[in-house]
2 protein chains.
Amino acid sequence: MVNEKVGRAANPGKRTRLPAAERRAQILTVARDLFVTQGFEQASMRRIADAAGITPTAIYDHFADKEALLTAIAADFFDGLVAAMTVPPDAATDPLDLLRQLMINYVRYGLAHPNEYRLVFMTSLSRFVPTLGHRGLPCAGEVPEDVVQKTVKAMQSFGILQTGIERLVAAGLLRADDPEGFADSVWAMGHGIVSLVITKGDSNFTPIDRWIDTSIGILMDGMRPR
Amino acid sequence: MVNEKVGRAANPGKRTRLPAAERRAQILTVARDLFVTQGFEQASMRRIADAAGITPTAIYDHFADKEALLTAIAADFFDGLVAAMTVPPDAATDPLDLLRQLMINYVRYGLAHPNEYRLVFMTSLSRFVPTLGHRGLPCAGEVPEDVVQKTVKAMQSFGILQTGIERLVAAGLLRADDPEGFADSVWAMGHGIVSLVITKGDSNFTPIDRWIDTSIGILMDGMRPR
DNA sequence: ACCGTAAACTTATCGCTGTTAGGTTAGGTG
DNA sequence: CACCTAACCTAACAGCGATAAGTTTACGGT
């Protein structure tokens with residue numbers, strides 16, 4: 001019995017020492033892995049530290065608390081979401097296809113990152129619901145800068161959806177009743193699908209592809225000028 | 001300083017002794033209250049016991065574990081939800097109004113009971129996602145009886161929605177493409193609104209009444225025969 | 001009136017959690 | 001070589017859900 005504990009650092013006596021940036025990145029990597037495989041509650045600081053080959057307290061030199069781990073992970077998630085929703089406005093294709101693609105990408109990306117999605121869109125962690133003005137516009141001075149930045153990033157993906165819809169309205173392809181409400185409704189539909197599948201599994205519903213198709217169909221027809 | 005601790009039972013030495021049924025009901029009452037005001041994680045067994053005027057362990061004589069408390073509370077929630085969605089099929093009014101009313105009632109009820117809603121529809125507690133067959137039909141023998149019952153109850157509200165839509169399809173008021181998908185999509189929209197407002201607050205979105213209105217409008221127009 | 005018994009409740013404790021204070025060690029600079 | 005600080009550790013705290021085993025209370029049968 002030389003190495004009694006696997007998953008710990010190889011040499012118990014001689015632990016590797018890393019510069020802060022690398023260690024931070026490594027902690028994030030293993031934390032993300034544990035959060036995804038075991039969930040936020042189950043993945044304890046001790047287990048994360050174990051997987052990283054350090055003691056739990058060392059984590060606190062790189063992150064304020066457990067929530068900060070998730071916040072950092074969520075930041076990456078938002079970047080990916082924005083990227084996924086930034087489809088090239090290829091003018092050649094049908095403009096309505098842009099909206100369709102937007103929603104498909106949103107749902108796909110959400111389901112591909114269920115744990116991060118749950119974190120940022122399905123739990124009211126304090127740092128994700130700061131005191132905001134209408135439409136999530138941060139009220140300057142009330143909220144720490146980094147939180148504001150993250151919130152802005154979060155709203156960015158919604159902004160893409162909203163401006164997309166506004167463009168279609170302007171082009172006369174959608175009704176002009178309530179563009180803002182349209183965006184909220186489209187988001188609600190997409191979010192509803194993602195969150196239901198995340199919590200209840202996909203076996204209880206219409207197969208996801210057909211579901212998205214049907215939903216988009218309803219939305220398109222429902223928002224078209226009569 | 002006669003009563004040093006408020007919130008505890010009045011007389012520390014002479015605690016009231018209650019028959020099981022009453023105590024159980026009382027525990028449920030204070031637990032529901034704490035869950036709603038402080039959230040599930042924050043409301044600890046010790047705090048619940050304190051508020052009930054007993055020791056934490058006494059709770060375990062009435063409930064298997066903390067989750068069982070929520071399960072019991074959720075059962076009441078489901079009863080209320082089904083009741084809220086069981087609108088009298090008043091044949092005199094527009095049949096499409098039934099669907100409209102169904103969705104309004106769902107959203108309203110969900111927002112009126114955010115903590116229970118979060119529990120049953122936004123978290124994957126094991127007893128709410130047992131191994132189920134397609135469409136949530138319980139596979140007999142695999143799951144404890146009481147869980148099956150609750151799951152059935154849970155699906156009942158969805159069943160109301162589904163049969164409502166099927167009736168409208170049969171009457172030719174809605175397209176016949178994919179009635180099952182329609183029901184899922186309508187639910188996704190309603191659930192999306194409720195869960196977004198629960199996690200993000202209502203200040204970031206279209207005012208709730210207009211939001212519901214817009215959403216229902218889209219759904220109706222989107223499902224109508226072309 | 002007594003007594004047994006079971007229901008109702010408690011004490012003590014376990015292993016776990018996130019987190020902190022303060023001490024130690026290694027790597028690089030003057 | 002001496003020093004300093006970044007990187008990491010040990011020890012510990014308060015609180016968590018949960019269990020085992022002990023105590024008290026009320027009530028039904030004799």
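Letters A, B, ... are given to chains in the order of the sequence lines, protein chains preceding strands, and every chain is numbered from 1. What's counted below: heavy atoms across the whole structure, side chains too, no hydrogens, waters or symmetry copies. Here the structure is a predicted model, which means the values were calculated and not measured.
Not a single side chain to side chain donor-acceptor pair (under 3.5 Å) links Tyr60(B) to another residue, sequence neighbours left out. By the side chain to side chain contact (heavy atoms under 4.5 Å, CB included) test, Thr29(A) is found to be paired with no residue, residues two or more places apart in sequence or in another chain being considered. Residues satisfying the side chain to side chain contact (heavy atoms under 4.5 Å, CB included) test with Arg46(B), not counting sequence neighbours, are Ser44(B), Pro56(B). For Leu18(A), the side chain to side chain contact (heavy atoms under 4.5 Å, CB included) criterion is met by Glu22(A), Arg23(A), Gln26(A), not counting sequence neighbours. For Thr86(A), the side chain to side chain contact (heavy atoms under 4.5 Å, CB included) partners at least two apart in sequence or on another chain are Val82(A), Ile160(A). Partners of Tyr109(B) by ring-ring contact (aromatic ring centres under 6.0 Å, His included), not counting sequence neighbours, listed by chain and number: Phe77(B), His113(B). Applying the side chain to side chain donor-acceptor pair (under 3.5 Å) criterion to Asp213(A), with sequence neighbours excluded, gives no partner residue.
The distance between atom CG of Asp50(B) and atom P of dC9(C), rounded to the nearest whole Å, is 15 Å. Leu18(A) places its CG atom 15 Å from the P atom of dA26(C), with the value rounded to the nearest Å. dA8(C) atom C1' lies 11 Å from atom CD1 of Ile27(B), rounded to whole Å. The CD1-P distance, from Ile54(B) to dT11(C), rounds to 12 Å in whole Å. Note: CD (Glu22(B)) to P (dC9(C)) measures 10 Å, nearest angstrom.
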Where do N or O atoms of nucleotides 15-21 of chain D meet protein N or O atoms at under 3.5 Å, pair by pair?
residue, atom, partner, partner atom, Å
dC16(D), OP1, Ser44(B), OG, 2.9
dG17(D), OP1, Met45(B), N, 3.4
dG17(D), OP1, Lys66(B), NZ, 2.9
dG17(D), OP2, Met45(B), N, 2.9
dG17(D), N7, Arg46(B), NH1, 2.7
dG17(D), O6, Arg46(B), NH2, 3.1
dA18(D), OP2, Tyr60(B), OH, 2.9
dA18(D), OP2, Lys66(B), N, 3.0

Taking only nitrogen or oxygen atoms into account, show me every contact under 3.5 Å that the protein makes with nucleotides 28-30 of chain C, one pair per line with its distance.
none

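At a cut-off of 3.5 angstrom, counting only N and O atoms as typed in the model, there is no donor on one side facing an acceptor on the other between the side-chain of Arg23(B) and the base of dA8(C).
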Could you walk me through whether Asn105(B) and Leu81(B) pass side chain to side chain contact (heavy atoms under 4.5 Å, CB included), step by step?
CA-CA 9 Å; Asn105(B) 290 3; Leu81(B) 179 60; over 6 Å; no
Please test Ser215(B) against Met103(B) for side chain to side chain contact (heavy atoms under 4.5 Å, CB included), starting from the C-alpha separation and ending with a verdict.
CA-CA 10 Å; Ser215(B) 296; Met103(B) 180 152 161; 4.0 Å; yes
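Applying the 4.0 Å criterion to OP1 and OP2 of dA6(D), one finds that His62(A) has every side-chain N and O outside that range.
Side chain of Arg17(B), nearest nucleotide from dT11(C), dG27(C), dT24(D): dT24(D).
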